[in-house]
Amino acid sequence: MASTGNMKGFYRQRKTTATKKSSKKSPIPTVIQTPATSSGGRKLDLQSECNESEVVLRQFDLNMAYGPCLGIARLARWERAQRLGLNPPQEIESLLKSGKVQMESLWGGRI
Amino acid sequence: MGIERVQCDYVSLDETFEIGKEKYHGQQYCHIYFARLHLMRTLLYSLVPHWKPNFPVCTVLELEEGKECVIVGTLYKHMKLKPRVLDEYSKQKSVVPLVKPHNFMHSDDYLVLEDESGRVKLSGNIIPPEYVTGIVVAVLGKESGAGDFLVQDVLDAGLPPQIEFPLKSGEDKYVVLVSGLSVGSSTSNPLQFQLLIDHITGHLGDEKAQLFASKIVQVVFAGNLVEIPHRILNGQNLASEDFARMSEPIRELDILLSQIAAGLPLDIMPGPSDPANFSLPQQSLHECLFPGSSSYNTFRSCTNPHCFELDNVRFLGTSGQNVDDLDKYSDAKDKLEFMERTLRWRHLAPTAPNTLGCFPFTERDPFFIESCPHVYFVGNQDKFETRIIKGSEGQLVRLICVPKFSETGVAVMLNLRDIECHALSFTLDL
């Protein structure tokens, strides 16, 4: 398997190649540079993003009861859930308002 | 001696149709479908215990074979003949003929019920020609061995609650509904429209006719006010005389409308051929297009759909796109039946955003009908038709199909006192 520094915490697998290991210079995650991924300027190092609050927020993103999470900011989605009477947990709101977390859903900017 | 025109209290309820602060930041239509499903499912869950008290309610994923239960979800109608963008790119010759049929129904169409957990094909006691994609219903039945859901009964939301019809003093007050003026088109006759204006403003006829005209309190133009020649709109470079031809219909319309605005309140709604946005809800035509008429405070440029109250009688109307789209994807004995269905489904335009252009709202569905109107009108239809429908809780609605004025010369007069209406016909035998 061709190895680079970014392999840790990266889920994608690659076919074993018979060629030399060090020839590839481009980072593995971005095989295709789509405008969405390049405009965000966000680091694609997924390991560091998986801290506790991010895990909680991702569970909120993936919870179907509050509707789709694509194309809407997390706080806006929380407020929508609130307005529709779905009683989303208060901790999510305080977490989002604290400002130290990613305001977009886990797919934000990548899809 | 002058006759004074009767007055009326007007309240606009168009706020829900205004796009205003809504932002488009690349979102897709899943949000409006979610809002619609959530709103209507909450409503249907409250109606189901009354409808089928002894059956459990479950989600699509919780279905078990042979277990009789009620599921609620959005309908999707799979239509063989529905044009698909991908057909243009398919290498083999497509089944669909190049000349598009007016109606895309086929005997092989089937319905699928969807909620967030999954989808299931429906069979049994549910007839695809009556339904379209986008309606939220509750169905009772059970899952068959083949994996479909065998429907025994269907529940739709029914007519929404209605504010009581105001008991009047007995005074006759008339509202005139017109649509499809198509000023600037080859079919419209300016003399016919001028006759209408003169009649409404009381410049025609003897004292009896003028007395009658003085009882008209409001005029509503339900869409297709102008028609700009198509060849000017197809994106080619325009010659200098074409610019004049492009703006002439609107200028002509402004002059005509200002004659009306000088006399009584009027509302204008945009339609499919007017210079407004294509997708629903169409926003009000800007007043800079009507320099003459907009100087009068009687002139109101409104959205499509349009909702307002006159002396506490609630009106709801569209310029026809919602019903015309239903006509392409389902079947009914007349246009009034489509209108009745939209009220019973509590949704003005269920085919939006599937086949009817729509703004991708994220937090609400503005086409959900919360309060039942007393008068429901649809413009730009082929002929004048009207009927009264009744709801299970005593609601009464007057349904009106307003015909295209440029083709029929017919406008509609509605009496606010008793919701009776009749046609106002202007024919020219030259």
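A note on names: the letters A, B, ... follow the listed sequences, proteins ahead of strands, and every chain is numbered from 1. Scope of the values below: all heavy atoms of this structure, side chains included, with no hydrogens, waters or symmetry mates.
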So which part of B:His25 gets closer than 4.5 Å to some heavy atom of chain A, the side chain, the backbone, both or neither? side chain
Contact part of A:Arg77 toward chain B, heavy-atom cut-off under 4.5 Å: side chain, backbone, both or neither? neither
Hey, are B:Arg364 and B:Glu22 close enough for a salt bridge, meaning a charged N less than 4.0 Å from a carboxylate O? yes
Checked B:Gln27, B:His38, B:Glu116 vs chain A; the most non-hydrogen pairs under 4.5 Å come from B:His38
So, the part of B:Gln28 with a heavy atom under 4.5 Å from chain A: the answer is neither
Chain B contacts, top residue of A:Pro68, A:Gly67, A:Gly71 (heavy-atom pairs, under 4.5 Å): A:Pro68
Quick one: does B:Val132's side chain get under 4.5 Å of B:Ile135's, heavy atoms only? yes
Run B:Phe308 and B:His306 through ring pair (Phe, Tyr, Trp, His ring centres under 6.0 Å) and show every step you take. CA-CA 7 Å; B:Phe308 60 99; B:His306 182 31; 4.6 Å; yes
Ion pair present between A:Arg80 and B:Glu363, side-chain N to carboxylate O less than 4.0 angstrom? no
Only pairs at least two apart or in different chains count here, so list each side-chain hydrogen bond (donor to acceptor under 3.5 Å, both in side chains) that has a residue in residues 62-75 of chain B. B:Glu68-B:Gln152
State, yes or no, whether a side-chain contact exists between B:Ser144 and B:Phe149 at a heavy-atom distance under 4.5 Å. no
Bottom line for A:Ala73: the part with an atom under 4.5 Å from chain B's heavy atoms is neither
What part of A:Leu70 lies closer than 4.5 angstrom to a heavy atom of chain B: side chain, backbone, both or neither? backbone
